[in-house]
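To start, the structure itself, in structure tokens.
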Amino acid sequence: MSTHPHETAGEHIAIIGAGVIGCALAWALAREGRRVLLIDRAEPATAGASFGNAGHIACEQLEPLPCPAVLCTFWRELTLFGGAVDLPVHRWVALAPWLAQFVYAAFRQKRNTPALAALVAPAAAALEAALREIARPELLVRHGHYALWRGPHAAERAARAARAARALGVRTEQASPELLHAARARGGQGDAAGLHYPDSGHVIDPRQLAVALAGAALRAGATFRQAEVQELTPLGARIGVRAEGQIVPAAAAVVCAGVESKRLLAPFGVPAPLTAERGYHLEMPGTPPLIDAPVLHADHNIIVTPMQGRLRATSYLEFERHGAPPDRRKIARLRARLHTFGYACATAHAGWVGSRPTLPDYLPGLGRAPGEAPLFYAVGHQHLGLTLAVPSAHVMAALVAGRPPPLDARPFDLMRFGTARTARR
Ligand SMILES: Cc1cc2nc3c(=O)[nH]c(=O)nc-3n(C[C@H](O)[C@H](O)[C@H](O)COP(=O)(O)OP(=O)(O)OC[C@H]3O[C@@H](n4cnc5c(N)ncnc54)[C@H](O)[C@@H]3O)c2cc1C
């Protein structure tokens with residue numbers, strides 16, 4: 001092992017947050033022989049978004065969401081009109097700066113796409129290689145995923161989506177007549193059209209995936225500590241990690257605290273305009289899948305993924321405060337929709353809500369704080385944290401080690417949101 005530029009005897013690289021991003025990074029650093037201390041207030045991948053996501057390895061989502069078309073048409077997707085996007089009125093003032101940056105980013109989508117695409121496109125292959133290395137290949141299924149449309153405009157919508165995918169170099173195929181027949185048989189007759197995206201994939205349990213990566217890190221010598229990190233402070237060329245009233249010096253620290261990362265980064269002058277983009281899931285134990293791959297019911301933005309012993313249906317982009325109680329009406333509506341698609345969705349499962357950590361330009365934040373302090377961050381993975389966990393971990397392991405990352409990480413530097421001085425105010 002090479003000497004680490006930040007390590008001194010007896011000190012760790014502290015990773016704050018054991019969601020899938022922190023767990024993947026703990027593995028990536030530990031496998032290189034680094035001394036890693038992974039810290040979370042809860043057991044790995046139980047407290048944040050990494051517990052409850054859709055399990056989709058979304059290699060087709062190469063473009064960041066903000067674009068001029070979204071600015072013109074988002075209102076049609078509002079929950080008010082039966083859609084999946086909720087921008088509650090009481091949040092408008094608090095969200096205004098984030099929304100202004102979203103609008104700005106919409107006109108930079110073309111410029112931002114190559115950066116995101118470079119991370120996303122190889123993600124399934126990167127995850128497959130990582131799982132092979134840690135001897136858990138069964139966690140990933142590479143059957144691609146399907147998008148289905150219903151109603152009189154179904155074929156036209158599918159054709160439009162196929163054209164959009166082709167323009168980005170994403171492969172699609174027509175969904176088989178058998179699948180469309182099965183979908184009609186379950187969820188009422190009428191027109192249906194579908195596309196298969198063969199290069200994506202899904203994991204059979206998102207939590208297990210993060211736990212497997214954390215487990216591999218522990219086997220390689222990492223330590224896990226369950227504690228709330230109250231603050232990170234510069235300690236000369238080290239970082240002070242204040243947890244449970246004690247300050248523990250770390251050779252370096254990486255903030256991977258999901259939507260709660262902003263507070264930990266602020267003392268270092270790093271701006272992290274993260275918002276909670278909340279999503280919901282419902283589970284259907286014992287229900288057979290339409291096919292062994294995620295199915296996106298595209299008209300309603302609901303994705304149903306086969307997971308170990310159950311189906312998981314996820315939906316909604318709710319711009320509510322992180323930690324606010326779940327909106328039971330959304331869970332009831334998701335359940336009702338699933339019934340119309342022919343899924344037996346018992347009322348036994350109460351539903352789950354979690355916060356996607358989202359930056360206004362929908363690029364992740366990967367980098368190092370300016371100045372001397374060895375403070376790094378891997379945040380803002382929005383809808384793609386499961387997909388990007390391993391690729392981001394490889395980038396971060398290189399940055400922490402002081403070697404060139406496997407791709408150009410400059411577009412992910414959080415200083416794109418302002419200067420250090422702006423962030424301190
Ligand atoms: C409904 C839904 C569906 C999704 N579907 C997909 C999908 O199909 N594919 C995909 O790629 N992505 C998907 N995502 C996105 C993905 O789940 C997230 O991007 C990803 O989980 C973010 O991981 P993270 O590790 O950054 O954050 P989190 O998983 O939120 O983890 C952050 C961790 O930091 C800890 N923490 C925070 N602050 C502190 C502190 N001060 N001290 C100690 N610990 C702290 C928290 O306890 C938590 O465990 C989905 C998200 C949702 C909500």
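As a basis for the values below, the full set of heavy atoms in this structure was taken, side chains included, without hydrogen atoms, waters or symmetry mates. Both ligands and their constituent atoms are indexed starting at 1 by order of listing.
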Proximal ligand 1 atoms for [X], defined as those under 4.0 Å from one of its heavy atoms:
X      : answer
Arg263 : 41 (N)
Gly354 : 53 (C)
Leu384 : 10 (C), 11 (O), 12 (N)
Thr387 : 9 (N), 10 (C), 11 (O)
Ile21  : 23 (O), 24 (P), 25 (O), 26 (O)
His383 : 6 (C), 7 (C), 9 (N), 10 (C), 11 (O), 12 (N), 13 (C), 14 (N), 15 (C)
Ala47  : 47 (O), 49 (O)
His381 : 19 (O)

Does an N or O from [X], backbone or side chain, lie closer than 3.5 Å to an N or O of ligand 1?
X      : answer
Ser315 : no
Glu277 : no
Ser355 : no
Ala49  : yes
Gly22  : no
Val229 : yes

Does a side-chain N-to-carboxylate-O contact under 4.0 Å join [X] and [Y]?
X      : Y      : answer
Glu228 : Arg242 : no
Lys330 : Glu318 : yes
Arg171 : Asp199 : yes
Arg310 : Asp205 : yes
Arg136 : Glu138 : yes

Selected option - heavy-atom contact closest to [atom], from [options]:
atom                    : options                        : answer
atom 27 (O) of ligand 1 : Gly258, Ser261, Gly380         : Gly258
atom 19 (O) of ligand 1 : Glu228, Arg356, Glu260, Gln382 : Gln382
atom 29 (O) of ligand 1 : Ser50, Gly52, Ala313           : Ser50

Give the residue and atom name of whichever protein heavy atom lies nearest to [atom], and the separation in Å to one decimal.
atom                    : value
atom 31 (O) of ligand 1 : Gly19 CA, 3.5 Å
atom 9 (N) of ligand 1  : His56 O, 2.8 Å
atom 5 (N) of ligand 1  : Ala54 N, 3.0 Å
atom 50 (C) of ligand 1 : Asn53 CB, 3.2 Å
atom 49 (O) of ligand 1 : Asp40 OD2, 2.5 Å
atom 39 (C) of ligand 1 : Arg41 NH2, 3.5 Å
atom 16 (C) of ligand 1 : Gly385 N, 3.8 Å

Check your understanding: Hey, is Gly55 one of the residues with a heavy atom under 4.0 angstrom from ligand 1?
Key ->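 True for this residue.
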Exercise for review: Establish, yes or no, whether a centroid distance under 6.0 Å links the rings of His145 and His202.
Suggested key: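 His145 vs His202: aromatic centres not under 6.0 Å.
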Check your understanding: For Thr358, does its backbone N or O pair with a side-chain atom of Trp98 as donor and acceptor, under 3.5 Å?
Key ->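 Yes; at least one donor-acceptor contact below 3.5 Å.
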Review point. Would you call Tyr377 and Val270 a side-chain contact if the rule is heavy atoms closer than 4.5 Å?
Key: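 Yes, at least one pair of side-chain atoms sits under 4.5 Å.
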Check your understanding: Can you check whether Pro364 reaches Leu116 side chain to side chain, under 4.5 Å on heavy atoms?
Key ->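 Counting from C-beta outward, Pro364 and Leu116 do come under 4.5 Å.
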Point to revise | Residue Arg186 excluded, over 12 heavy atoms near CZ under 6.0 Å | key: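 Yes, CZ of Arg186 has more than 12 neighbouring heavy atoms, counting only those of other groups under 6.0 Å.
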Exercise for review: Check the pair His297, Tyr343 against side-chain hydrogen bond (donor to acceptor under 3.5 Å, both in side chains), reporting the backbone distance first and the verdict last.
Suggested key: CA-CA 12 Å; His297 295 272; Tyr343 294 101; 3.2 Å; yes
Practice item. List in chain and number order the residues that pass salt bridge (Lys or Arg N to Asp or Glu O under 4.0 Å) with Arg31, two or more places apart in sequence or in another chain; answer none if no residue qualifies. Key: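 Result, salt bridge (Lys or Arg N to Asp or Glu O under 4.0 Å) vs Arg31: Glu133.
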Check your understanding: Under 3.5 Å, is there a donor-acceptor pair linking the side chains of Thr387 and His56?
Key ->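 Note: Thr387 and His56 side chains miss the donor-acceptor criterion.
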Exercise for review: Using only heavy-atom distances, determine whether the side chains of Glu320 and His90 contain a donor-acceptor pair under 3.5 Å.
Suggested key: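 The criterion, which ignores hydrogens and geometry beyond distance, is satisfied for His90 and Glu320.
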Review point. Taking the inter-plane angle between the rings of Tyr362 and Phe102 on a 0 to 90° scale, is it parallel (under 30°), tilted (30 to 60°) or perpendicular (over 60°)?
Key: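 Perpendicular: the ring planes of Tyr362 and Phe102 meet at over 60°.
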**Study point:** Side chain, backbone, both or neither: the part of Ala378 lying under 4.0 Å from ligand 1 by heavy atom
**Key:**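 Answer for Ala378: neither.
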